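Step one of this worksheet: look at the structure below.
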Amino acid sequence: MAKARAKKELNLESEQLPAFVLEEPRERQHGDLATNLAMLLTKQAKRAPRDIAKIILANLDMEKTRITSYAIAGPGFINFRLDSSWLQDVVPEVLAKGKKYGSLNLGRGEKVQVEFVSANPTGLLHMGNARGAALGDSLAALLAMAGYEVEREFYINDAGNQIYNFALSLEARYLQQLGHDVPFPETGYHGQDLIDTVKRVIEQEGDKYVLMEEELRRKLLVRYALQEKITIIKETLEDFGVSYDVWFSEQSLHESGYIQDTLRKLENQGYIYGKEGALWFKSTLFGDEKDEVLKRSNGVPTYFAADIAYHRNKYERGFKRVINIWGADHHGHVARMKGAMQALRYDPASLQIILMQLVRLIQDGEIVKMSKRSGQYITLRELMDEVGKDAARFFFILRDPDSTVEFDLDLAKSQSADNPVYYVQYAHARLCSILRQAEEQGYDPNLTPTKQQLTLLSAQEEKDLLKKLADLPGEIALAANLTEPHRLARYVLDLASLFHTFYNSQRVLVDDEGLRTARLALIRATKQVIANVLMILGVSAPERM
RNA sequence: GCGCCUGUAGCUCAGUUGGAUAGAGCAUCUGCCUUCUAAGCAGGUUGUCGGGAGUUCGAAUCUCUCCAGGCGCGCCA
């Protein structure tokens, strides 16, 4: 009715209203809800947006709504203020749901796999891996919170050329340690760690590999070294707060014939051809710049072939959605990987690859080239020792994966006290402290406030805080849909800020019983929400600082 | 050369998919601890949103172009 009248007055012919939005304005002072409808109608109505807004408002029936006031503002926004009593309902809701507050059924239990880090097992984890670990783990936790059934997986690249080089390096070190004058391979791994490893081999097995046939000798040395390396990687990640559901071996794909089988499948579909003695995948059909070798002329499958088989295997394990976190240096691999999935009749859109820009290391004002072979890099372990797990994780999570991170360890050390993670943790500790204080003063902090008492939470600082608490489910939904966990880091910083503001302007432990009970409940709810978000981010929520 | 990413305050970075006066932290200046944790709060200062053009009522956001930086373009992984 109102719509029709307004339409007439504006001389609109079209039945269809433009796609306007009704949303919370960025600036709180503008009101609780705002719409851009009037500005969108300028073209159709051929009138100034503010005039249109007037007509819309004159025809709007606001009886029986929660709109308490409205205004036309700026270029033609219509702002509404709502009766805010509903905000207070968030407190009992948070307290009732506890750890589950913020969890959604967005994913409807769909199986999702997040594969991340998957670092070469020939060395230690470095800064780039740290970024991947922080991002992947919190993304997985975020998706789980949003209602997906999430599995974390680490793909172990324990096959291929690099392992061959690794084997040659180990072999040379082993023989050298036993006094044999053998040259070290040119493309070998120079780190001291390999020498230490072969020393342990010698301690346990002596020199019995010397006379062994070289292929077997290399195989045994590699097996020993890999097992050692992977154990270290696992422990390091555990200490970083990351634990995987599955550790998947590339070598197993070679041994089981799964790669061969996958190649045959591609061949049957007509996506493979032979050239110069090698087998090629027609990746140009899928937008790639050039075709890719799957099997070398020496008969050995490439890393790409193994990776196709690996991803096929993911789908065969029942994942509806597969997310990979790769370093930006693997960018060229994306199109052909998706193409290969399409060739195997999987929906390429269900394979999501998050490219993470590299972490550049700065030392003494200069960029340090990181390389495993040269043995020059800062490890995840060192990072944790220097700045701690929480600060390290928050540092990475706070940043968009698309931005290159410059990391200056000296700066990180000196500034670790300034890491915003402490701002959030401090808020949590402060909240805990208030609850402790309440008990010490003989109050029960766990009293359930009545609806009447909750209406006492009416100060501006309280409303802002309540609003933020109520935002969590929406934030989770948005962050999960966009697969952007860094949004939650921003959210929890905002929340901590609102709490600190509240804390400095309002007292919790007041004499008035009703107000005190309501505020204590607000404190508990705030504490819960901060803890829930920090849980997703893999950051601890300390009770004291 | 081609492809992808980035360029926002002195520094490190956000910016909810095109909205209102572009925001945080660090740095800096001024206030606030006899009351729940000052690792905090309140306020001040700081901007050609890399440059230019276009689309739009409206652009940091979309399009084009130029500039600068990063990464990739192997029968490596």
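Lettering of chains follows the sequences in order, A, B, ..., and the numbering in each one begins at 1. What you are looking at is a predicted structure, and each value in this text was computed from that prediction instead of being measured.
Across B:A77, B:C36, B:U37, the shortest atom-to-atom separation from the side chain of A:V508 is found for B:C36. When distances are taken from the side chain of A:H500 to each of B:C5, B:G40, B:C13, the shortest belongs to B:G40. Side-chain proximity of A:E289 to the nucleotides B:G72, B:C41, B:A77 is greatest for B:G72. In the set B:A39, B:C71, B:U37, the nucleotide with an atom closest to the side chain of A:D329 is B:C71. When the nucleotides B:U12, B:C71, B:G40 are ranked by their closest atom to the side chain of A:A328, B:C71 comes out on top.
Here A:E461 lies out of heavy-atom contact (under 4.0 Å) with every strand. Residue A:L358 is in sugar-phosphate contact alone, with no base atom involved, counting any heavy-atom pair closer than 4.0 Å across all strands shown. Base engagement by A:S297 is indicated by at least one non-hydrogen atom pair under 4.0 Å involving a base atom. Nucleic acid contact class of A:Q425 (heavy atoms, under 4.0 Å, all strands): none. Base engagement by A:H331 is indicated by at least one non-hydrogen atom pair under 4.0 Å involving a base atom. Within 4.0 Å (heavy atoms only), A:D400 reaches sugar-phosphate atoms of the nucleic acid but no base atom. Within the nucleic acid shown, A:Y503 comes within 4.0 Å of at least one base atom, counting heavy atoms only. Within the nucleic acid shown, A:R544 comes within 4.0 Å of at least one base atom, counting heavy atoms only. As judged by a 4.0 angstrom heavy-atom cut-off over every strand, A:E484 is placed among residues making no nucleic acid contact.
Distances shown here put a side-chain N or O of A:Y423 below 4.0 Å from the OP1 or OP2 atom of B:C41. Dashed line: the shortest gap from a side-chain N or O of A:K290 to OP1 or OP2 of B:G74 is under 4.0 Å. Side-chain nitrogen and oxygen atoms of A:R490 include none within less than 4.0 Å of the OP1 or OP2 phosphate oxygen of B:G25. Between A:Y426 and B:A39, a side-chain N or O to OP1/OP2 separation shorter than 4.0 Å is present. Distances shown here put a side-chain N or O of A:R296 below 4.0 Å from the OP1 or OP2 atom of B:A77. Residue A:N161 places at least one side-chain N or O under 4.0 Å from the OP1 or OP2 atom of B:C76. The phosphate of B:G15 (OP1 or OP2) has a side-chain N or O of A:H486 nearer than 4.0 angstrom. The shortest distance between the side-chain N/O atoms of A:S403 and the OP1/OP2 oxygens of B:A14 is below 4.0 Å.
Relative ring orientation between A:H330 and A:H333 is described as perpendicular, the plane-to-plane angle rising above 60° on a 0-90° scale split at 30° and 60°. The aromatic rings of A:F248 and A:Y310 lie tilted to each other, with the angle between the two planes from 30° to 60°. Ring planes of A:Y271 and A:F281: tilted class, angle from 30 to 60°.
On the C1' atoms, B:A39 is 14 Å away from B:C26, given to the nearest whole Å. Here the separation of B:C32 from B:A68, taken at their C1' atoms, is 46 Å to the nearest Å. For the P atom pair drawn from B:G40 and B:A27, the interatomic distance equals 10 Å after rounding to whole Å. Taking atom P in both B:G52 and B:U8, one finds a spacing of 15 Å when rounded to whole Å. Comparing B:G69 with B:C76, their P atoms are spaced 32 Å from each other, to the whole Å. Between the C1' atoms of B:U48 and B:A42, the separation comes to 32 Å (whole Å). As rounded to the nearest Å, B:A60 and B:G19 have P atoms that lie 10 Å from one another. Atom name C1', nucleotides B:G10 and B:C73: the rounded distance is 38 Å, in whole Å.
Looking only at side-chain heavy atoms (C-beta outward), A:I308 and A:M341 come within less than 4.5 Å of each other.
At least one test fails for A:R519 against the ring of A:F502: distance under 6.0 Å to the centre or angle within 45° of the axis. Figure legend: cation-pi geometry between A:R516 and A:Y443, with NZ or CZ positioned under 6.0 Å from the six-membered ring centre and within 45° of its axis.
Taking syn as a glycosidic angle within 90° of 0, B:C33 qualifies as syn. Nucleotide B:U12 is shown with an anti base, its glycosidic torsion being more than 90° from 0.
One cannot find a donor-acceptor pair under 3.5 Å joining the base of B:C41 and the side-chain atoms of A:T501.
Using a cutoff of 4.0 Å between basic side-chain nitrogens and carboxylate oxygens, A:E475 and A:R490 are not scored as salt-bridged.
Between A:D402 atom CG and B:U17 atom P the separation is 17 Å, expressed in whole Å. In this structure, CD of A:Q506 is placed 18 Å from P of B:U35, rounded to the nearest angstrom. Rounded to a whole Å, the OH atom of A:Y422 is 14 Å from the P atom of B:C26. Look at CG on A:D511: it is 16 Å from P on B:U35, rounded to the nearest Å. Look at CG on A:L493: it is 9 Å from P on B:G25, rounded to the nearest Å. Between the P atom of B:U16 and the CG atom of A:L478 lies a distance of 9 Å, rounded to the nearest Å. The CD1-P distance, from A:I397 to B:C13, rounds to 16 Å in whole Å. Between the CD1 atom of A:I434 and the C1' atom of B:G40 there is a distance of 12 Å, rounded to whole Å.
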Under 3.5 Å, which donor-acceptor pairs link side chains of residues 491-500 of chain A to any protein atom two or more places apart or in another chain?
{"from": "A:Y491", "atom 1": "OH", "to": "A:K468", "atom 2": "O", "distance (Å)": "2.6"}
{"from": "A:H500", "atom 1": "ND1", "to": "A:R430", "atom 2": "NH1", "distance (Å)": "3.0"}
{"from": "A:H500", "atom 1": "NE2", "to": "A:Y423", "atom 2": "O", "distance (Å)": "3.4"}

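Taking each heavy atom of A:K229 and A:P121 in turn, the nearest pair found is CB-O, 3.1 Å.
Taking a pair as Watson-Crick or G-U wobble with both distances under 3.5 Å, RNA chain B forms stems of 3 or more consecutive pairs at B:1-7 with B:67-73, B:10-13 with B:23-26, B:28-32 with B:40-44, B:50-54 with B:62-66.
Remark: A:E289 engages no residue in a side-chain contact (heavy atoms from CB on, under 4.5 Å) (not counting sequence neighbours).
The number of heavy-atom neighbours closer than 6.0 Å to CZ of A:R296, taken from other residues, nucleotides and ligands shown, is above 12.
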